[in-house]
Asker: 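Following this message is one structure expressed as structure tokens.
Scope of the values below: all heavy atoms of this structure, side chains included, with no hydrogens, waters or symmetry mates. Atoms within a ligand are numbered from 1 in the order they appear, just like the ligands themselves.
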Amino acid sequence: MNLQDIAADLRKVREISPLVHNITNVVVTQFTANGLLALGASPVMAYAKEEVADMAAIAGALVLNIGTLSAPEVEAMLLAGQSANRHGVPVILDPVGAGATSYRTETSRRILKEVNVSVVRGNAAEIANVIGVDWHIKGVDAGEGSGDVAELARSAAREWNAVVAVTGKDDYVTDGQETYVLHNGHPLLTRVTGTGCLLTSVVGAFCAAAGEQGLLRPAVSAVLSYGVAAELAAEKTEAQGPGSFQIELLNRLYRLSEEEIVRHGSLEKRS
Ligand code: ATP
Ligand code: TZP
Ligand code: MG
Ligand code: MG
């Protein structure tokens, strides 16, 4: 996998404009929809148990985000996830805040048990807490954990038989065999809520456009493209701060070019 492959994956997302069904949290709903639209994908949010199976069946990808859970939403996620599985639609999970409460940890584990999840995207603390490694988490933010993040990502991928993306200053994306480390992004991403959640939905868009190939490549392509867009947005808005950065991130997802990916992308293969 190289930067030209990633540029080609971005082109494919824009050509196909895949429908991404999101069951996400109330904090990030509009930002997620706008981010997917800016990129060139087609977002839909649908939560009612009466319709989630039908919506997941016609989507290119289903994104389950546990950020503001409730019992009806858990029921809807399981129904949607199982429908996606029956129809060959990839399911992407964001275990927001797993480890902060046992409800979040247990729900993440339940989804992973009852649904065939293709990709899990979270910060190190969330991934560690779902697989049961001790790692401090502060609310929905990563906290002060320390440890070998590459090894954490690999163990999680093997345990869940899924692609795992552990994000932070550096991002680790692995299928348990091959691991890529990505060095793009900007600290301003941590000053705007929902930037991780939007990234998870962007992973959904790239997986939806990927067709029959494995999902390691589209997951890497999504995380790298997003990181480059964020860097370019920060270059222009760092002096102003998070408000301007949030808007500019949408602009840069919209304008992100294949040339910018090749020029600015930083991708390293680990194993
Ligand atoms: P958290 O709530 O802990 O911030 P999150 O779910 O919001 O987690 P992040 O890990 O922050 O997700 O990842 C979202 C994006 O921010 C990714 O593209 C990641 O590479 C980027 N990112 C996070 N921290 C940094 C950092 N310190 N420097 C550069 N990029 C970062
Ligand atoms: N509280 C519940 S969900 C949420 C907050 C603040 C948004 C988390 O977004 P992200 O992308 O994980 O930072
Ligand atoms: Mg965040
Ligand atoms: Mg998050």
Asker: Under 4.0 Å from a heavy atom of Leu199: which atoms of ligand 1 are those, numbered in the order shown and with their elements?
Answerer: 17 (C), 18 (O)
Asker: Any N/O of Glu126 closer than 3.5 Å to an N/O of ligand 1?
Answerer: no
Asker: Considering only heavy atoms of His186, which atoms of ligand 1 have at least one such atom less than 4.0 Å away?
Answerer: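 Counting from 1, the qualifying ligand atoms are 28 (N), 29 (C), 30 (N), 31 (C).
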Asker: Could you list which atoms of ligand 2 come closer than 4.0 Å to a heavy atom of Gly196?
Answerer: 11 (O)
Asker: Check for a donor-acceptor pair, side chain of Thr101 on one end and backbone N or O of Arg104 on the other, with a separation under 3.5 Å.
Answerer: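 Between the backbone of Arg104 and the side chain of Thr101 there is a qualifying donor-acceptor contact (under 3.5 Å).
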Asker: So which bit of Arg191 gets within less than 4.0 Å of ligand 1, heavy atoms only: side chain, backbone, both or neither?
Answerer: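 No part of Arg191 comes within reach of ligand 1.
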Asker: Please say whether more than 12 non-hydrogen atoms of neighbouring residues, nucleotides or ligands are located less than 6.0 Å from CD in Glu51.
Answerer: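 Enclosed: over 12 neighbouring heavy atoms sit under 6.0 Å from CD of Glu51.
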Asker: Determine all donor-acceptor pairs shorter than 3.5 Å in which one atom belongs to a side chain in residues 5-13; sequence neighbours excluded.
Answerer:
unit_1 : atom_1 : unit_2 : atom_2 : d
Asp5   : OD2    : Asn2   : N      : 3.0
Asp9   : OD1    : Arg217 : NE     : 3.2
Asp9   : OD1    : Arg217 : NH2    : 2.8
Asp9   : OD2    : Arg217 : NE     : 2.9
Asp9   : OD2    : Ser221 : OG     : 2.7
Arg11  : NE     : Glu258 : OE1    : 3.3
Arg11  : NE     : Glu258 : OE2    : 2.9
Arg11  : NH2    : Glu258 : OE1    : 3.0

Asker: Under a plain distance cut-off of 3.5 Å, with no hydrogens placed, do Ser266 and Asn184 share a side-chain donor-acceptor pair?
Answerer: no
Asker: Quick check on contacts: which atoms of ligand 2 are under 4.0 angstrom from a heavy atom of Gly67?
Answerer: 2 (C), 3 (S)
Asker: Would you mind checking if Arg110 and Glu114 are paired as a salt bridge, meaning a charged N to carboxylate O distance below 4.0 Å?
Answerer: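 Salt bridge: yes.
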Asker: Considering only heavy atoms of Gly185, which atoms of ligand 1 have at least one such atom less than 4.0 Å away?
Answerer: 29 (C), 30 (N)
Asker: With a 3.5 Å cut-off and no angle check, do the side chains of His186 and Glu238 form a donor-acceptor pair?
Answerer: yes
Asker: Are Leu256 and Arg14 close enough that some pair of their side-chain heavy atoms sits under 4.5 Å apart?
Answerer: yes
Asker: Would you find a donor on one side and an acceptor on the other, under 3.5 Å apart, between the side chain of Glu248 and the backbone of Thr237?
Answerer: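 Judged by distance alone, no pair lies under 3.5 Å.
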Asker: Who else is in Val44's hydrophobic cluster (ILVMFWY, side-chain heavy atoms under 4.5 Å, direct or via others)?
Answerer: Leu19, Met55, Ile58
Asker: Would you mind running through ligand 2 and noting each atom that sits below 4.0 Å from a heavy atom of Gly194?
Answerer: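 That gives atoms 9 (O), 10 (P), 11 (O), 13 (O) of ligand 2.
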Asker: Suppose I only count heavy atoms of Thr193 and a 4.0 Å limit; which atoms of ligand 2 are within that range?
Answerer: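 Numbered from 1, ligand 2 contributes 6 (C), 7 (C), 8 (C), 9 (O).
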Asker: Of all the atoms in ligand 1, which lie at a distance below 4.0 Å from a heavy atom belonging to Leu189?
Answerer: 15 (C), 16 (O), 18 (O), 21 (C)
Asker: Which ligand 2 atoms does Thr195 reach within 4.0 Å, using its non-hydrogen atoms?
Answerer: 11 (O)
Asker: Would Thr195 count as a polar contact of ligand 1, with the cut-off being nitrogen or oxygen pairs under 3.5 Å?
Answerer: no
Asker: Using heavy-atom distances, let me know which of Thr167, Val166, Asp171 sits nearest atom 20 (O) of ligand 1.
Answerer: Asp171
Asker: If you take the nearest heavy atom of each of Asn25, Val27, Leu198, Leu189, which one is closest to atom 5 (C) of ligand 2?
Answerer: Val27
Asker: Does Arg191 CZ have over 12 foreign heavy atoms under 6.0 Å away?
Answerer: no
Asker: Under a 4.0 Å N-O cut-off, is there an ion pair linking Arg154 with Glu151?
Answerer: yes
Asker: Just to be sure I'm reading this right: ignoring hydrogens, which of Ala222, Gly67, Gly196, Gly227 gets closest to atom 14 (C) of ligand 1? Compare them by their nearest heavy atoms.
Answerer: Gly196
Asker: Could an N or O of ligand 2 be found under 3.5 Å from any N or O of Val192, whether backbone or side chain?
Answerer: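 Between Val192 and ligand 2, no N or O pair is found under 3.5 Å apart.
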Asker: Heavy-atom contacts with Cys197 under 4.0 Å: which atoms of ligand 2 show up? List them by number with element.
Answerer: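 Checking each atom against Cys197, I get 8 (C), 9 (O), 10 (P), 11 (O), 12 (O).
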